[in-house]
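To start, the structure itself, in structure tokens.
Because the structure is predicted, anything quoted here is derived from the model rather than measured. Whatever order the structure lists them in is the order used to number ligands and atoms, beginning at 1.
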Amino acid sequence: MQMANTLTQKVVVFDLGKVLVDFDYSIAARRIAARSSKSMTSLVSFLSASSPLLVKYESGQVTREEFFQQVSKGTGYQGGIKEFSNCFNDVFFEIPAMVRLHSELRALGMATYILSNTNDLAIEHVNHMPFYRNFDGYVYSYEVGAMKPDARIYEALEKMCGRQGGDIIYLDDREENINGAEQRGWQAYLHETPEKTRAMFEQIGLIEGYSQPGA
Ligand SMILES: [Mg+2]
């Protein structure tokens with residue numbers, strides 16, 4: 001069919017956090033705080049999205065070891081790096097409706113990729129999720145050395161998948177990352193809810209609508 005042929009040229013790229021996987025760093029912060037001399041507040045400031053140290057970690061300017069050292073120094077954390085890493089167990093949760101949507105795309109033979117501002121600690125934990133192995137490729141900010149919306153990380157994805165512009169369908173929950181993708185001519189969509197994203201995929205002909213059981 002004509003439409004199917006056009007669509008097989010395309011790839012679907014997913015942001016990770018708050019799109020496929022939810023996370024709650026405050027769980028890790030509580031565990032770390034329990035072994036630290038300073039309050040929870042100083043920990044949260046290390047782990048929030050605006051934390052300069054976390055940005056350095058996620059843009060590959062500091063390693064996990066250096067991140068760990070600096071958090072320990074700032075909070076008086078008593079544990080070793082292994083225990084510190086384990087504080088991030090069960091902090092990441094699959095978003096079932098999105099995992100299902102992704103598996104539907106795979107069943108249709110679509111190529112799919114991950115494009116994420118992230119760090120090796122997060123990826124070590126997310127890697128264990130069975131759905132996570134079923135992508136064609138993964139582009140991580142800490143490996144590329146640049147974070148969305150920096151053009152370099154979008155370029156890295158283009159190189160990996162061998163596609164450009166409108167052949168790349170992109171989902172992200174952050175406006176600035178969508179803008180970065182649009183500047184490269186990608187077909188980018190702001191992810192708000194799994195329901196809205198599913199409806200959008202149906203609308204552009206990526207998946208067929210299906211009726212609810214009993215409907
Ligand atoms: Mg996100």
Side chain to side chain contact (heavy atoms under 4.5 Å, CB included) between I178 and L171, intermediate numbers included: CA-CA 8 Å; I178 292 296; L171 277 184; over 6 Å; no
Residue and atom names of protein N/O/S atoms that fall under 2.8 Å from the Mg ion (ligand 1):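 N, O, S partners closer than 2.8 Å: D15 OD2, G17 O, D173 OD1.
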Heavy atoms from other residues, nucleotides or ligands near NZ of K196 exceed 12 (cutoff 6.0 Å):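 At most 12 heavy atoms, drawn from other residues, nucleotides or ligands, come within 6.0 Å of this atom.
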Steps toward side-chain hydrogen bond (donor to acceptor under 3.5 Å, both in side chains) verdict (N119, Y140): CA-CA 8 Å; N119 60 73; Y140 300 137; over 6 Å; no
Residues that Y189 engages under ring pair (Phe, Tyr, Trp, His ring centres under 6.0 Å), provided they are two or more places apart: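 In terms of ring pair (Phe, Tyr, Trp, His ring centres under 6.0 Å), with neighbours along the sequence ignored, Y189 is linked to no residue.
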Steps toward ring-ring contact (aromatic ring centres under 6.0 Å, His included) verdict (F135, H102): CA-CA 9 Å; F135 289 81; H102 174 253; 3.9 Å; yes
is_close_aromatic(Y25, F88), centroid dist under 6.0 Å: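 Here the rings of F88 and Y25 have centres that are less than 6.0 Å from each other.
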